Number of protein chains: 2
Amino acid sequence: MARRPAPDTRERILDTAALLFYDHGVQAVGMQQIIDRAKCGKSLLYREFPSKAELVAEYLERARQDFGRQYAEADDHAGSDPSARLIAFVEAMAESVQSPDYRGCPFRNYLAEVADHDDSAGRIATGYLLDSRARIEDFVADMNVAAPDVLAERIWLIVEGLHTAAAHPGGARAADVALSLVRELVRDATRV
Amino acid sequence: MARRPAPDTRERILDTAALLFYDHGVQAVGMQQIIDRAKCGKSLLYREFPSKAELVAEYLERARQDFGRQYAEADDHAGSDPSARLIAFVEAMAESVQSPDYRGCPFRNYLAEVADHDDSAGRIATGYLLDSRARIEDFVADMNVAAPDVLAERIWLIVEGLHTAAAHPGGARAADVALSLVRELVRDATRV
DNA sequence: GTCTATAGATGGATAGAC
DNA sequence: GTCTATCCATCTATAGAC
């Protein structure tokens, strides 16, 4: 029994909670379940996370940062052409749904299972969606196409479908389908 | 206290439960909440629905039948051309997301919030999705297009996006976006 | 009196929080 | 570990319609 608190305790608890929240849904997972799996005491968990609501919010906030890093890295390799950056963004999202145990987008799942979107976690989830959509709109706006609003709306709809369809039965090909469709829309829109 | 059993008791309970389940999610609604809202006794609810799981399953089953009737009615007015029937199907789905208090597709929401898809309610939800997708595939197969699999996959992705995007902030135009995109894909695919 | 509805007490399990 | 609250589900008690 170490008296000194392990510095990675908070991260380990958050890792454990994130896995359980994502796999079974936020509401279906109890605090005791997280405590058992993380092998920590109750007092330790409540010292790091004062309530379940804050633990959920930090789970989504960390997921948002993780996705943000992946998208930033993909953007670094995409060059400066806005259409290439747009494709790279969609590719990064398509890659994130390719996991064999993919169970849907954590933000969209949270918004689907919790009706109140005005709490801390809900604002993170809606903020993530709005940021993703704004990123697409910004890329399209820089592409000098005839109808940027229409193109951005269509791509966003496909992105929404990508995250949802991949979690449903028979959704293994959703990433390829979304990517080919987005590429075709971009190609048609940028054709001289 | 009426001795005569009201013949619409079961439907009234199911109506009440359906509203609550859809608005707040299945897991967030308690049986007592339904009992209070439906103004019925506890024993009466449990006589009609032996468990919450069965009540949820009947909620989804009735929703499936309701949607099925709407789609069948739309199909009756679409004539016999498979592309017209396909468009009518997508139009009917687009109409169902136009409600101002739309909170997502009940089947997709259920699958998002409950991880186990092998129970009675889960099979109804997945069955609805598979049926909808098969209907699209059947219509496209009758259209004599060059690549029916690709077209059906793309339309299904858009349909998934339609149901998801309409429930998210800024999703008011999702129905129009999905419809115009599907119409364009069908037009391009059937062009001689 | 008989039947059925409602209302409330209750059981056991589990929730979040201290 | 403990506390309170709530979950689903069952059972009992009572009030009213026939």
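The sequence lines fix the lettering, A, B, ..., with proteins before strands; numbering per chain opens at 1. Just so it is clear, the model here is predicted, and its values are computed rather than measured.
When atom types are taken as modelled, the side chain of A:Q27 and the backbone of A:E113 share a donor-acceptor pair closer than 3.5 angstrom. Between the A:R37 side chain and the A:L19 main chain, no donor and acceptor come within less than 3.5 Å of each other.
A straight line from CZ of A:F49 to P of C:dC18 spans 16 Å, rounded to a whole angstrom. Between the C1' atom of D:dC8 and the CD1 atom of B:I34 lies a distance of 11 Å, rounded to the nearest Å. Here the C1' atom of nucleotide D:dA9 and the CD atom of B:Q33 are 17 Å apart, to the nearest Å. As rounded to whole Å, 16 Å separates atom C1' of D:dA9 from atom CD of B:E48. Put simply, CE on B:M31 is 21 Å from P on C:dG11, counting in whole angstrom units. Rounded to an integer number of Å, the gap from CD of B:Q32 to P of C:dA7 is 10 Å.
Judged by a 6.0 Å distance limit and a 45° cone about the ring axis, A:R135 is positioned over the six-membered ring of A:F89.
Looking at B:R108 and B:L129, their side chains come closer than 4.5 Å, going by heavy atoms from C-beta outward.
For B:Y46 and D:dA9, the shortest distance from a side-chain N or O to OP1 or OP2 is below 4.0 Å. Taking 4.0 angstrom as the limit, B:R47 places none of its side-chain polar atoms (N or O) nearer than this to OP1 or OP2 of C:dT4.
Scanning atom types as modelled, one donor and one acceptor separated by under 3.5 angstrom connect the side chain of A:K42 and the base of D:dT2.
Residue-level contact check: B:K39 touches the backbone only, with heavy atoms under 4.0 Å from sugar-phosphate atoms and none from bases.
Checked against C:dT6, D:dA9, C:dA17, the side chain of B:R12 finds its nearest nucleotide in C:dT6. The nucleotide whose nearest atom lies closest to any side-chain atom of B:S43 is, among C:dG16, D:dT2, C:dT6, C:dT6. Of the listed nucleotides (C:dT6, C:dA17, D:dA9), C:dT6 has the atom at the smallest distance from the side chain of B:L44.
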